[in-house]
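All values reported here derive from a predicted model rather than from experimental measurement. Just so it is clear: chains get the letters A, B, ... in the order the sequence lines come, proteins before strands, and each one is counted from 1.
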There are 2 protein chains.
Amino acid sequence: MSNEALALDAAQNSVDQATRLIREDILSGRIAPGERLKTAELAKRLGFSTMPLREALRKLEGEGLVAIEPNRGATVRQLDRAYITDLFELNTELRIFAVRRGMAMLTLERIRELEGLAKEYRMHLEAGEDLEAIDCNRRFNARLVEFGGNREALRVFLRGWDTIFAFRRGYGYGTGRRRVMAEEMKLLIEALRRQDATSAEAILRMQNAAMMEDLVSRIAPES
Amino acid sequence: MSNEALALDAAQNSVDQATRLIREDILSGRIAPGERLKTAELAKRLGFSTMPLREALRKLEGEGLVAIEPNRGATVRQLDRAYITDLFELNTELRIFAVRRGMAMLTLERIRELEGLAKEYRMHLEAGEDLEAIDCNRRFNARLVEFGGNREALRVFLRGWDTIFAFRRGYGYGTGRRRVMAEEMKLLIEALRRQDATSAEAILRMQNAAMMEDLVSRIAPES
DNA sequence: GGAGATCAGATTGGATCAGTTCTATTCCGA
DNA sequence: TCGGAATAGAACTGATCCAATCTGATCTCC
């Protein structure tokens, strides 16, 4: 499991280092879905022996990021349409769950933190800094789920989020949704301030519907 | 990821076979949480060389079942109280989500299938066949979540369920809840028949509260 | 000209081995 | 008798080797 997504990698030995490097390469899009991961090639590129890489690939197989077929080696896992939409829907549900559960424990400080992140998001947006905006969006939502207080939900959410974005990178982002997103953050925070779970849930569901439409339109009809 | 929990293991090579065997040993409780998994010992017991076992353990590390510390080897992951309760709560939420989402797509045939499983559960209960009853309960709930139509939710649910039960095995089950459980299955099915999502959700939440209380009472106060 | 067999190169799978790190016992001194 | 250090053993880590398998290209035959 991605304990490392929360607590950082110890990464003292080659296996952990290699795992982290390959994982980053996949999630950042430097290695595309479907691409083969040959141990010899990775060994040369990353400077390890093939042994640690074999173990690293197995670990990533366990995480679901790569698929290993007997005698054919590892490939970056193909993410089909159903998988991505299921993942996305699940993540929306996790956010709603977190908001409902965390509403009572929300402090003013936490709301301010979310406001800060929303503001940062708008700034990056206006400056045209796409990558920073995306990262900020991730931090906003991760924090939102974290305030729900269920660490397992957060773990599942983060893995899903990263996988979805690794996928979207290949298909491009919809820039049209960006400004709406900033507006939705604002509305959500207001709902949180009012302790209005119903409104918050409605906002998240609307957001889900819009994002899902955008997502599906980019994916080939059947895959 | 436990693709194998859904699609069965191909298991042509030693690594996949070893992974499956060790996973079963852990989830069935034959190997206790915290116990060390020495490659040499496993190699002798399972009849493989140490090489495939190293990779198998890495894969299980990715799945979150074992923890590997540098130069100290693998141990069955320790499941603390917060982890288990978070997992349990998440699973309840996933069931509620599945019921809400799957309600509209419920056919009479599916409801009958659930009824069949509920009946089987009662029979095993009266016959005192605990293990069969537990397995039946798992199938009932897995089917319930599956009818929700979100395969990712199902995957997360199953992994959580298996982990929780691997944990409970060590602390013993509450036999007092058994008969209530059978009653709750019945009520849930009735609610599904009436397309009454609100009732169904209420039943699941009540069940969650009762189970959680039972669970927490068995765990040491702090761990 | 196309389909299937064949063969060489590339890649994975499993095994063994030396080096390093950790663990647990033992031994020595206070 | 207790505490700490030294040591011996066990286990893990990383590297290399060889066999088994796959991939892709060429060649032959229909």
Side-chain angles (χ1 to χ4, degrees), chain A residues 1 3-4 8-23 25-26 30-78, chain B residues 1 3-4 8-23 25-26 30-78:
Chain A
M1 187 155 312
N3 306 329
E4 296 82 11
L8 67 167
D9 267 292
Q12 293 175 351
N13 57 359
S14 305
V15 179
D16 288 337
Q17 285 181 49
T19 306
R20 195 167 45 77
L21 287 172
I22 299 172
R23 192 195 294 121
D25 275 353
I26 294 175
R30 283 189 289 276
I31 308 179
E35 198 168 326
R36 284 189 69 176
L37 296 163
K38 302 174 192 172
T39 53
E41 184 187 320
L42 288 170
K44 209 174 65 179
R45 187 161 66 82
L46 302 179
F48 299 111
S49 171
T50 56
M51 261 300 308
L53 289 173
R54 278 160 67 169
E55 292 186 38
L57 290 174
R58 284 291 174 188
K59 184 171 172 180
L60 291 171
E61 184 193 18
E63 290 183 14
L65 244 58
V66 315
I68 298 183
E69 287 173 279
N71 294 320
R72 295 207 42 205
T75 52
V76 179
R77 178 164 169 189
Q78 284 286 6
Chain B
M1 187 155 312
N3 306 329
E4 296 82 10
L8 68 168
D9 267 291
Q12 292 175 354
N13 56 1
S14 306
V15 178
D16 288 337
Q17 285 180 49
T19 306
R20 194 167 45 77
L21 288 172
I22 299 172
R23 192 195 295 120
D25 275 353
I26 293 175
R30 281 188 290 275
I31 308 179
E35 198 168 326
R36 283 190 72 174
L37 296 163
K38 303 174 192 172
T39 53
E41 185 186 322
L42 289 170
K44 210 173 63 177
R45 187 161 67 82
L46 302 178
F48 298 109
S49 170
T50 57
M51 262 299 308
L53 289 172
R54 276 160 69 171
E55 294 187 37
L57 289 174
R58 283 293 174 188
K59 186 171 172 182
L60 291 170
E61 184 193 18
E63 292 184 14
L65 244 57
V66 314
I68 298 183
E69 287 173 279
N71 293 320
R72 295 206 40 202
T75 53
V76 179
R77 179 165 168 188
Q78 283 286 7

Note to self: Nearest whole Å is fine: how far is C:dC22 C1' from B:Lys38 NZ?
What the structure shows: 12 Å
Margin query: Could you measure the distance from the CG atom of B:Asp25 to the CG atom of B:Leu65? Nearest 0.5 Å is fine.
Written below: 11.0 Å
Next item on the list: Send over the distance from B:Asn71 CG to C:dG19 C1', rounded to a whole Å.
Entry: 11 Å
Check: Can you tell me how far C1' of C:dA10 sits from CZ of A:Arg36, to the nearest Å?
Finding: 9 Å
Check: Can any side-chain N or O of B:Arg36 pair as donor or acceptor with the backbone N or O of B:Arg72 at less than 3.5 Å?
Finding: yes
Notebook entry, point to check: Within this structure, what is the NZ-to-P distance between A:Lys44 and D:dA15, rounded to whole angstrom?
Noted result: 17 Å
Checklist line | Value in whole Å for how far the C1' atom of D:dT13 lies from CD of A:Glu55 | finding: 8 Å
Check: Which heavy atom in B:Val66 sits nearest to a heavy atom in B:Leu57, and how many Å separate them?
Finding: CG2-O, 3.5 Å
Next item on the list: Would you mind classifying the nucleic acid contact of B:Leu37 as base, sugar-phosphate or nothing, using non-hydrogen atoms under 4.0 angstrom?
Entry: sugar-phosphate
Notebook entry, point to check: Nearest heavy-atom pair of A:Pro33 and A:Arg77: which atoms, and what distance?
Noted result: CB-O, 3.8 Å
Margin query: One pair to check against side-chain contact (heavy atoms from CB on, under 4.5 Å): A:Asn13 and A:Asp16. What are the steps and the verdict?
Written below: CA-CA 6 Å; A:Asn13 57 359; A:Asp16 288 337; 3.0 Å; yes
Note to self: Using every non-hydrogen atom in the two residues, find where A:Ala18 and A:Leu53 come nearest and quote the distance to one decimal.
What the structure shows: CB-CD2, 3.7 Å
Next item on the list: Take the protein atom CD of B:Gln17 and the nucleotide atom C1' of C:dG13, then report the distance between them rounded to whole Å.
Entry: 13 Å
Checklist line | Listed nucleotide nearest any side-chain atom of B:Arg58, set D:dA15, C:dG13, D:dT13 | finding: D:dT13
Notebook entry, point to check: Angle, rounded to 10°, between the helical axes spanning five pairs at each terminus of the helix from C:dG1-D:dC30 to C:dA30-D:dT1?
Noted result: 10°
Check: Checking all strands, does A:Ser14 fall into the base, sugar-phosphate, or nothing category for heavy-atom contacts under 4.0 angstrom?
Finding: sugar-phosphate
Margin query: In whole Å, I'd like the distance from the CG atom of A:Asn13 to the C1' atom of C:dG19.
Written below: 15 Å
Next item on the list: Given salt bridge (charged side-chain N to carboxylate O under 4.0 Å, His left out), test B:Arg58 with B:Glu61 step by step and report yes or no.
Entry: CA-CA 5 Å; B:Arg58 283 293 174 188; B:Glu61 184 193 18; 3.0 Å; yes
Notebook entry, point to check: Contact class for A:Thr50 vs. all strands (heavy atom < 4.0 Å): base, sugar-phosphate, or nothing?
Noted result: base
Note to self: In whole Å, I'd like the distance from the CG atom of B:Leu53 to the C1' atom of D:dT13.
What the structure shows: 16 Å
Notebook entry, point to check: Does A:Arg72 place a side-chain N or O at less than 4.0 Å from the phosphate oxygens OP1/OP2 of C:dT12?
Noted result: no
Item checked: C:dG14 phosphate, OP1 or OP2, under 4.0 Å from B:Ser49 side-chain N/O -> no
Next item on the list: Assess whether one donor atom and one acceptor atom, taken from the side chain of A:Arg54 and the base of C:dG14, lie less than 3.5 Å apart.
Entry: yes
